[in-house]
Amino acid sequence: MASPAPRLPVAGPSSEPKASMLKRMGGPSDLKAGVGRGGIRTAEEIQHIVHEVSKRSKYFKDQERRDRELQVKVDKLKGRLAQEELTARGDEEDKADAILKELEETRDLSRVIALIDADAFYAACHVRVNPELEGKAFGVGGGMLTTASYGARKYGCRSAMPFFIAQKLCPHLVSLKLEPDLYVKASREIFAVLSKYGTIAPASLDEAYVDLTQYCADQDVTPTEAITRLRAEVQATTGLTVSAGVSPNKTLSKIAADVNKPNGQFVIDPTREACMEFIQGVRLRKCFGIGRVCETLLNGIGLETVGDIFRDRAKLYLVRHHLGQSAHFRFLLGLYLGLGRNRVKRAKRGDRKTYGVEKTFTPTSDPGKLDDVIRRVAKSLAKDLKRADFSGRTVTLRIKHADFVSVTRAHTPGKNIYLRDYKDLVRIGLMLLHKEIDERPKLIARGEEVKGGRNPVLKARLLGLRVGNLRDERALAKANKLDGWVRVSSRSTPEIELSDSDTDVQRDSDLDDDEDEDDDEADPGKRALNAVMRDAAIDPFADAGDGEGGVKKEDAACDPAAFGGASGSGSGSWMCVDDYDNDAEDEDAEVVRGRFGVHRGATVPKPSQRRAQQPSSSTIVQGSSLAAASRAGSPPKRKSPAAEDASANEKGKKRRIRKEEEEAAKPASGNEWTCPVCDKVFAGSEAAMSGHVAKHFADDEPPARPKVKVKKECGSLGGGGMGGSKVSSKTKVKGKGRKG
DNA sequence: GCGGATCAC
DNA sequence: TATGGTGATCCGC
Ligand SMILES: Nc1ccn([C@H]2C[C@H](O)[C@@H](COP(=O)(O)OP(=O)(O)OP(=O)(O)O)O2)c(=O)n1
């Protein structure tokens, strides 16, 4: 009110919409979808309509808040840059050039890597089954569109757009219900064809990298001929069209696949010049790993395209520590050079890190309703975990407040306590929720910060549970035949405060039995969706647990493709890559080596990769392994990028060790048995085993945790990385039976 | 280990 | 009226 400008907020033309908001809500920047050519509506028109329909919603208000916060970050970055420039030494470009030189030496143009991406995937799957949809404007997903047919994209409809808005853009638009089975089936068919051309690494249900190097050599054909054949065969056998990008690495292929999308392809010659020329003009946002925030920050200091990275390398160097996780210096330089990983490998069962289920509902503060959601979510999650045969040590509750601001609250019962059952999930979920509800008024009374507004009564629009720090029960049980014990132990999870948990649990039980039929999904619909997609991802390859995970980050710098994704639909199929090794050497300042980038989001770290290298023969104690790990990166180094890497590596190793432990337990047989909690191996009666296991729950400290042996991993440094061949052996832990 | 932020599909 | 679900990584505590 006290604002200077006496502009009255009368009904009419309130303040004009901010450009950043227009872009955020319906911007062309989202270019993922081919809204460009042949559009029936102009970008401005689309933005205007979307803005009009959205502007009064809570969602919009939240987006405005985020927009403001982002703007603050941009201003801050600009300020830092200005500050740094005052004291710049003048050798910034030299520093950057030194790194460029170093990165350049890692360039490998010897491989032919393709990224295949199905066009409007879910939509195409529906058309395949129902030809009448051909050419029609429709979306898939119900209330929220997961994708839109090209016919609908002409009007501006896109992925992640709510149906009611899409309808404003395209009045005759219809929205189809999700049919997971359709997508999973189509995905398998596509991948089956791809497999005939080389090793593949699915990045999601509709995307996969294919290494065409060998195919080209064997058939004596050019990459263009190979990809032309591949796409033709995919269409001939599946009836679906795919777009493809081909180049010496995944980073470039990923971007290239978008160039001639729908039903098109783009091949980049395997020369340094071709790679660099191609990427120079690419808009930053098109690069895997550079999202809205990163793009905005870079735009803020004057960069628009990949080529600008070189032009402004001195600036980037100066603010290298303030670019955020998605834009590390080294990652950007690698991008500029058109470098990327080129190893194509698929992820395995053991690479999954979490399982989760979340549900959005009409915002409510009703404790009973919120509790019910927790129960339903827990039930769904328990089913998924059981099916997949995984248990986990940490349960995380996610609450999205009515104003769209979300928070997470985690609980780890004990160092060796693994959960999987419905009751445990509900108990912990309710405990976390109630704690949040109960603490809220107190915090507010004390004037402390809380998310979701200042109302002491929590009002949520979504609740979700996720289980992490997983353990592969299948491998464990198979090896030790202790499946029953494992369950028993997890069920007896100790403590868990909550005196009121009793009542809660009780209610749970009731609900447990009866299926919820009640509202929304609950049933077949969505739930099935998740389960199906998940299996899809893993099923095919599900094999052992090891695998290599994917992306590592460092290296050449980027690996966009590393992929991540998997999400949308299931998760499972990730791709993995290996890369060269590279380790660390950079000096202090620049450094970012590590994460070069990609990590952004998704993707599998590559922990398993090493673990797979050798059968479980040679072994070293955990301590040694960790020591080696830390050594690789840099010990207590600071947060410099290098540190990032080291840190990441270490985590990966720890994880690997956990798996190794399982592996180690495997050999048990005869009178030998392995404690499902501490993994120690004993020889003795069942009674003895029972007694030992019970000790774990007697008090918090379990019996002495044995040192675990792990096999030595191949040097993370150099040569190690690659070798894909030897890897396989150990994996067979679970064999084919995965059915789930 | 936890929680927030980013990113991808 | 009205804006999803799933999973991963990084960073700073
Ligand atoms: N926010 C999103 C984005 C995508 N998907 C799902 C539906 C898509 O069909 C599928 C593949 O996503 P893509 O990004 O590859 O997009 P499309 O294949 O739909 O279209 P395009 O032709 O642009 O690749 O993933 C989703 O559920 N949620």
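Per chain, numbering begins at 1; letters A, B, ... match sequence-line order.
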Problem - Student check: side-chain heavy atoms of A:Leu70 and A:Arg24 closer than 4.5 Å - result: yes

Practice task
For A:Lys73, answer base if it contacts any base atom (sugar-phosphate contacts may also be present), sugar-phosphate if it contacts only those atoms, and nothing otherwise; contact means non-hydrogen atoms under 4.0 Å.
Solution key: sugar-phosphate

Problem - OP1 or OP2 of B:dA5 under 4.0 Å from side-chain N/O of A:Arg398 - result: no

Exercise for the section: Quick one: label A:Val407 by what it contacts on the DNA or RNA (base, sugar-phosphate, nothing), any heavy atom closer than 4.0 Å. Expected result: sugar-phosphate

Practice task
Nearest whole angstrom, please: distance from the P of B:dG4 to the NE2 of A:His401.
Solution key: 9 Å

Practice task
For A:Arg466, answer base if it contacts any base atom (sugar-phosphate contacts may also be present), sugar-phosphate if it contacts only those atoms, and nothing otherwise; contact means non-hydrogen atoms under 4.0 Å.
Solution key: base

Handout entry: Between P of C:dG7 and CG of A:Leu470, the distance in whole Å
Key = 10 Å

Handout entry: Proximal nucleotide (of C:dG4, B:dG3, C:dT9) relative to the A:Gln325 side chain
Key = C:dT9

Practice task
For residues A:Leu463 and A:Ile399, determine if any side-chain heavy atom of one lies less than 4.5 Å from a side-chain heavy atom of the other.
Solution key: yes

Problem - Six-ring centre of A:Phe329, A:Arg320 cation under 6.0 angstrom, axis tolerance 45° - result: no

Fill in the blank from the handout: A:Pro162 has its side chain closest, among B:dA8, C:dT3, C:dT6, to C:dT3

Completion exercise
When rounded to whole Å, the CZ to P distance for the pair A:Phe163 and C:dA2 reads 17 Å

Practice task
Examine C:dT9: is either OP1 or OP2 under 4.0 Å from a nitrogen or oxygen in the side chain of A:Lys353? Give yes or no.
Solution key: yes

Completion exercise
The nucleotide from C:dG5, C:dT3, C:dA2 with an atom nearest the side chain of A:Glu358 is C:dG5

Practice task
May I ask you to establish whether A:Arg153 and A:Tyr150 are in a cation-pi arrangement, using a distance under 6.0 Å from NZ or CZ to the six-membered ring centre and at most 45° from the ring axis?
Solution key: yes

Practice task
Select one nucleotide: of B:dA8, C:dG4, B:dT6, the one nearest the side-chain heavy atoms of A:Arg461.
Solution key: C:dG4

Exercise for the section: Would you mind reading off the distance between A:Ile399 atom CD1 and B:dG3 atom C1', rounded to a whole angstrom? Expected result: 12 Å

Exercise for the section: Kindly say if A:Lys359 contacts the phosphate of C:dG5, meaning a side-chain N or O under 4.0 Å from OP1 or OP2. Expected result: yes

Problem - Any A:Arg292 side-chain nitrogen or oxygen under 4.0 Å from OP1 or OP2 of B:dA5 - result: no

Problem - Any A:Thr360 side-chain N or O less than 4.0 Å from OP1/OP2 of C:dG5 - result: yes

Completion exercise
Checking C:dG7, B:dC7, B:dG4 against the side chain of A:Thr408 (C-beta onward), the nearest is B:dG4

Handout entry: Results of salt bridge (charged side-chain N to carboxylate O under 4.0 Å, His left out) for A:Asp62 - residues two or more places apart only
Key = A:Arg65, A:Arg66

Problem - Nearest-nucleotide 5' precedence on DNA chain B, A:Asp117 against A:Ala410 - result: A:Ala410

Completion exercise
From CG of A:Leu465 across to P of C:dG7 the rounded distance in Å is 12 Å

Exercise for the section: Measure distances between side-chain N and O atoms of A:Ser54 and base N and O atoms of C:dT3, and say whether any donor-acceptor pair falls under 3.5 Å. Expected result: yes

Handout entry: Which nucleotide in C:dG4, B:dC2, B:dG4 has an atom nearest any side-chain atom of A:Ala160
Key = C:dG4

Practice task
Indicate, with yes or no, if the rings of A:His126 and A:Tyr183 have centres closer together than 6.0 Å.
Solution key: yes

Fill in the blank from the handout: The nucleotide from B:dA8, C:dA8, B:dC9 with an atom nearest the side chain of A:Lys254 is B:dC9

Completion exercise
Between CG of A:Leu463 and C1' of C:dT6 the distance, given in whole Å, is 16 Å

Practice task
Would you classify A:Leu145 as touching base, sugar-phosphate or nothing, given that sugar-phosphate means primed atoms plus P, OP1 and OP2, and contacts are heavy atoms under 4.0 Å?
Solution key: nothing

Handout entry: Residues forming a ring-ring contact (aromatic ring centres under 6.0 Å, His included) with A:Phe138, sequence neighbours excluded
Key = none

Handout entry: Closest listed nucleotide, where the reference is the side chain of A:Ser204 and the choices are C:dG7, C:dG4, B:dC9
Key = B:dC9

Exercise for the section: Could you check whether A:Thr396 gets within reach of a base, just the sugar-phosphate, or nothing at all, counting any heavy atom under 4.0 Å? Expected result: nothing

Fill in the blank from the handout: Between CZ of A:Arg158 and C1' of B:dC9 the distance, given in whole Å, is 15 Å

Exercise for the section: Select base, sugar-phosphate, or nothing to describe what A:Asp62 touches, counting heavy atoms under 4.0 Å on all strands. Expected result: nothing

Problem - Contact under 4.0 Å: A:Lys286 side-chain N or O vs B:dC7 OP1/OP2 - result: no

Practice task
From the options B:dG4, B:dC9, C:dT3, select the nucleotide whose nearest atom is closest to the side chain of A:Met25.
Solution key: C:dT3

Exercise for the section: Under 4.0 Å between any heavy atoms, over every strand shown, what does A:Ser57 touch: base, sugar-phosphate, or nothing? Just pick one. Expected result: base

Fill in the blank from the handout: Closest to the 5' end of DNA chain C, once A:Leu462 and A:Thr354 are matched to their nearest nucleotides, is A:Leu462

Practice task
Mind calculating the distance between NZ (A:Lys415) and C1' (B:dG1) to the nearest angstrom?
Solution key: 12 Å

Problem - Proximal nucleotide (of C:dG4, B:dC9, C:dT6) relative to the A:Phe404 side chain - result: C:dG4

Practice task
Considering just the side-chain nitrogens and oxygens of A:Thr146, establish if one lies under 4.0 Å of OP1 or OP2 belonging to C:dG4.
Solution key: no

Practice task
Quick one: do A:Leu425 and A:Leu385 satisfy side-chain contact (heavy atoms from CB on, under 4.5 Å)? Show the steps, please.
Solution key: CA-CA 11 Å; A:Leu425 297 179; A:Leu385 288 169; 4.1 Å; yes

